[in-house]
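Order of the sequence lines sets the chain letters (A, B, ...), proteins ahead of strands, with each chain counted from 1.
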Amino acid sequence: MAFALDEQQQMIAETAAAFFAENAGGERTRAAMASGIDRDLWRAYCRELGFGGLTVPEDLGGAGLGHVELAVVAEQAGRTLAAIPLLGHAMATAALLASDDRAAIDAHLPAMMAGDRSVAAGERGGEGLLVPHAAQCDLLLLLGEGGAHLIDASAATVEPLKSLDETRPLARVHASAGDPLPGGAAPCEAARAAGVLCLAAEALGGAQEALDRTVAFAKEREQFGRPVGSFQAYKHRLANRTVEIEQARSAVWWAACALDEGHETRALALHAAKSFCADTYLRVAGDMIQLHGGIGFTWEHDAHLFFKRARAIANMLGDGPHHRERVARIMLDDAA
Amino acid sequence: MAFALDEQQQMIAETAAAFFAENAGGERTRAAMASGIDRDLWRAYCRELGFGGLTVPEDLGGAGLGHVELAVVAEQAGRTLAAIPLLGHAMATAALLASDDRAAIDAHLPAMMAGDRSVAAGERGGEGLLVPHAAQCDLLLLLGEGGAHLIDASAATVEPLKSLDETRPLARVHASAGDPLPGGAAPCEAARAAGVLCLAAEALGGAQEALDRTVAFAKEREQFGRPVGSFQAYKHRLANRTVEIEQARSAVWWAACALDEGHETRALALHAAKSFCADTYLRVAGDMIQLHGGIGFTWEHDAHLFFKRARAIANMLGDGPHHRERVARIMLDDAA
Amino acid sequence: MKLGFSDMEEAFRRECASWLDEQMAGEFADIRGIANLVDKPERRKAWERRLAEHRYSCIGWPIAWGGRDATLNEQVIFAEEYARAGAPNRLNHMGVELLGPTLLALGSSEQKARFLPAIAEGTAIWCQGYSEPGAGSDLAAIRTRARRDGDEWVIEGQKIWTSLAQFADMIFVLARTEDGTRGREGLSFLLVDLDQPGIEIRPIRQINGEAEFNEVFFDGARCPVENMVGAEGEGWTVSTTLLSFERGISTLGQQMQFRNELDAVIAAAKHNGKAADPVFRQRLAEAEIGLRLMRYGALRMLAGGKGGALAGAALTYKIQWASWRRALGELAMDVLGQEGEVAPADAEGWPLLANLYLYSRADTIYGGTNQIQRNLIAERGLGLPREPRGNA
Amino acid sequence: MKLGFSDMEEAFRRECASWLDEQMAGEFADIRGIANLVDKPERRKAWERRLAEHRYSCIGWPIAWGGRDATLNEQVIFAEEYARAGAPNRLNHMGVELLGPTLLALGSSEQKARFLPAIAEGTAIWCQGYSEPGAGSDLAAIRTRARRDGDEWVIEGQKIWTSLAQFADMIFVLARTEDGTRGREGLSFLLVDLDQPGIEIRPIRQINGEAEFNEVFFDGARCPVENMVGAEGEGWTVSTTLLSFERGISTLGQQMQFRNELDAVIAAAKHNGKAADPVFRQRLAEAEIGLRLMRYGALRMLAGGKGGALAGAALTYKIQWASWRRALGELAMDVLGQEGEVAPADAEGWPLLANLYLYSRADTIYGGTNQIQRNLIAERGLGLPREPRGNA
């Protein structure tokens, strides 16, 4: 038991932080909002940074790292609102590896790792299939009861939509079900786990950044002749959010570690991480607006980008009540 | 439409406030905790104050007043944690009047109005029947699907219990069902409405008193060289509770008025009042402890009396989720 | 205490309802249901004039000034029927509800004669120049200055978060008229024509992509000296009087809009099955309860506000509705799920509930943040000691 | 990063578990599961001695002082197994977890030699004299004084909220040793024998009817000058060091108690059907998630705390567990309904969950209220400007 990033993990965290700080951020993301993806950033992520194969085994040309490293990187992407298809990429990588389908792996993984082929992933269910980045990506990974389907985007009808979160636009997808990836439920489960972890980590990063920016504002901005951050109500609000972010970080690390070790708490950890981190991000981003006052709800300020991203994350791959109900099943229903 | 106390109602409020302020309060209630009822207070309430027949028609010797007046009085009783069987009294009065059973009315109401016969009331359901004041009263009013039963306490098995809220102790009652009061569902409904209103008003009064005492403490007590009430977190907490108490007051008045006028929102109002006022009382009483610091959780301080009374009220005649679900039925289910 | 209305009042209700329904079904059907402050301003100005023609523009004002001297209950009824009929948000809310009553209370005979008729007739639309950059919720930090130049005041400075400025004819401005003063001292209250070279208006784009608020720049803008309400240096008192009218009858109309929003959430929940989910049922019930309590709170506020004192209910009302509506926005999005996040690619603006979600984030900020409101409740309502101010 | 333990560590776990289970099933079965600090003190003193006999009383201490020099993971394992076995709350928590490490870090050789063995052997029980009436969360406002009299310090004053004082042998006291000082200046840290005429202990009855806390009155109480830890006037620093040990390994044992409490709530919910109610399922899930995150937060805190810096996790931990437990108390009562409010008429004390409900109201107050904790997080953790102090 050693519940802290080891040296290599710490280095990856710092590398990712530096990369995204330099290459992503509000300005870059706003510029990418018209097209939906920051393609230069994604290419640089995959190739220059070499993280396109982060979780791919070394014998397949990847870095052979695990979910802890994925989480650490996704956190930094979330912090900078990076407009990249990391979510679909991570999910499709996990699905392909879990399928053990050499033909599919050889067909897609190298191009994915090189950043030449991008994947959008979504879950069937509800009235239609809303998939983030579906209108921007080459492949679609569709999860459902029939398994995980990896198809060419051109083989589906994709209707681009005006989306609340313009930094990761949704599209409505209509696709007929072909053959799923082999491996039974495994590809679906692996993809969902990687996706849930990515979203939780992204939420953690976004929440941390929203908090940090609000704290910085609170130190500078004066009202009633004092820095607003010297007002106790302001402080306590930020303190509460800090407590929640600390818990969110514990949740992400727990889930990532549990996945890598096949720990018995794996499922519990994923449900906990998704619901807790998404809720935390919603609260912090909401407070970011509130505590900035009027400027916080203008288009020019980044607060709404965080706020909308937080909402989108909350709704993706199961909302809070869904994941808490799953936790309840594990803890309360003896049959679970 | 005139949503304020009229002159007579205002006078009754002031009379009740003065009466309870003089005759009830923490000391008196503590003294009554051993026996469970402050019998002198109850007698004075019925006779000297003459409120034993507050809601009884004038032709039956009462004051002929309505639910607004009952609420106004119950609020003051709640404010002072008065250890009197007002709840059972109000419920039984309502049940008797709704039954239109002259024999029962003649047999019980005059003695009840005079304070010579007291009533404990409770609702069947759950594992056993827990009835406040059952071990202290002469009559038991038991509500259930079979109707409203008004029986002699000596005809039931009553097991006194150690109760969290010692200012209104519970007892477990076992009674075989005899004949209910006539009038179909009306006595039950009338009793439940009066009971719910009483509890909501009592919660309002208790919350107001808990807030007032905490505000007074906050002005006097110094820490870090300032009155604690000058700290913004303290202020904002009390401000939030003030907002809730204002809403609670609107809820009580709405429910009382709607009952008196047979308004279409009557059921909605009662469910809203019970759940909202009980929740408010729980929060204010909890904050009373928290904001008093260490002294707030000592036995000597009254804070725990409010806190425990609030908990008891929350559990009586349907808890918060129950009443909110009833509201949902009215607003969402077309069949309701 | 009484919930119901008298027969005469109910007759008045039918009269209003029938006229409003006729208008909204007929000539003004195109502006029915507009809840924002930006759509179709010209048509809405026509609507203001139509209201005036039928003496419905300011029914609470004295008959002599174009009103009906309506009782409180009649005003309540009209506000409810107005909203129920789907009549659009009043473009001249500021003139009718805020400036008018202020002039009636504190204006000179000349000011009344000059400004009230145009408000009553719907020919002058007003907006409000209070907030400034760096003085969001801190009105006392105002830096806009007005200096005397012969028969005129000349104004330099900047206001912000001014809704309606892009359509309005006039603005009332709180400006510093005495050099060297700070805080509440030395402020005056001026009535200024927006149509002049010294004024520039720039819209502010908001979180929902629309621009309801504006920045208003004063660079040598002028108004005659007789446009000062109250004495020189008494601006703080005048503005306090004006703000005290903010929690008036119009809150009831606003609540009808909230009702429509809640109904839309309920409809969505019924449509997608969340209305059968016990967890959502609890939250929907809370929303319903909150809205009802807002109504009865407003009625208490109106009934008790006669003495002019800030009753408890009035102090707490802003925070109550703003918090309620923000929570409703969150509930709406939780009910809708991902479907709530999208609109057709070519849609202009957002559907009702997505817009509610976004816009309600401003409710807890403008007109005094929730934080400021809590300070007021604690200090004025509960008498707790004031927060220490800094040295600025 | 790693969740699992090594084979050697798992072997140590089995060793501890088997010994603890044997004790709790055998000779000490009568004190199994006691969660409070007041029941059966004599038996629990015997238990402290038994722990010492088997070198389990302070395993994290150096071998030379009666410990095992146990690794962090071993300490984690022991804490978990201790709680899992239902061993009672440690009566000498203050000695083992707080004073011992403080003496190891800052005590003189003589102080170590004099006081550590009795703690390790379980023969001296310690309690803590920090809070004072009027200085609840404001340690700097301490007014208890100690004046030098030859080779002794003579102490006058009053401490409050002193748990265990009624059973303890010794107390560590923060007292003002320099006249005219205020705030953190002029305080010293003294080790004082409780068994002397100058000390009177009065229990404080709490909300749950029991008396865990005490007032301790010092009226000419004495201790030798060599009982001062650190230099004269350095008491604030010593006490800060001591408090930094508070978020140590023992938090994990405390969490096992929380686990038992949550399990009791789950059992009650299953028994009365609330476990099938979707609304309660959400709240039960939140409680489960909160407890798990507390565990992983504590593990992060322990892993990161080596540098001695107050990591984010350490700053936030107190508020996290106290708020969680208070919410659990409320959930417990909501699950139980009226049945949770009663006990047989002749019952002594309250059942586990009612007691949790009542006692958890103290959790958010003692050891620094949630309010104080939030100030600390904001000021030390986030670097926000300090709250202005008054003039007192």
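Of the listed residues (C:N375, C:L376, C:I266), the one with the most heavy-atom contacts under 4.5 Å to chain B is C:N375. If you tally non-hydrogen atom pairs under 4.5 Å between each of C:A276, C:A378, C:P385, C:G297 and chain B, the highest count goes to C:P385. For chain C, the option among B:L238, B:N240, B:L5 with the highest count of heavy-atom pairs below 4.5 Å is B:N240. Between chain C and the residues B:H263, B:Q9, B:E325, the largest count of heavy-atom pairs under 4.5 Å involves B:E325. In terms of heavy-atom pairs under 4.5 Å with chain C, the best-connected choice from B:H236, B:R326, B:R324 is B:H236. When each of B:V68, B:D212, B:V215 is scored by its heavy-atom pairs under 4.5 Å with chain C, the top score falls to B:V215.
Between B:E222 and B:R226 no salt bridge is recorded (no basic side-chain N to carboxylate O distance below 4.0 Å). Between C:R84 and C:E81 there is a salt bridge, since a side-chain N of the basic residue sits under 4.0 Å from a carboxylate O of the acidic one. Under a 4.0 Å N-O distance rule, the pair C:R259/C:D263 qualifies as a salt bridge. C:D334 and C:R283 are joined by a salt bridge, as a carboxylate oxygen and a charged side-chain nitrogen come within less than 4.0 angstrom of each other. Salt-bridge check for B:E246 with C:R300: passed, with a basic side-chain N closer than 4.0 Å to an acidic carboxylate O.
Looking at every heavy atom in both residues, C:E10 comes nearest to C:F5 through OE2-CB, 3.4 Å.
Using a 4.5 Å cut-off between heavy atoms, B:R237 does not touch chain C at all. The contact between B:E261 and chain C is made entirely by side chain atoms (from C-beta outward), counting heavy-atom distances below 4.5 Å. Using a 4.5 Å cut-off between heavy atoms, B:Q232 touches chain C through backbone and side chain atoms alike. When heavy atoms are compared at a cutoff of 4.5 Å, B:P321 approaches chain C by way of both its backbone and its side chain. For B:I245, no part lies under 4.5 angstrom from a heavy atom of chain C. Heavy atoms closer than 4.5 Å to chain B are found in both the backbone and the side chain of C:L284. Both the backbone and the side chain of B:A258 come within contact range of chain C, with heavy atoms under 4.5 Å apart. Contact annotation for C:Q371: both backbone and side-chain heavy atoms come within less than 4.5 Å of a heavy atom of chain B.
Between B:F3 and B:W253, the ring-plane angle classifies as perpendicular under the 30° and 60° cut-offs.
The backbone N or O of C:A70 sits less than 3.5 Å from a side-chain atom of C:Q75, completing a donor-acceptor pair.
Aromatic ring centres of C:F258 and C:W324: separated by under 6.0 Å.
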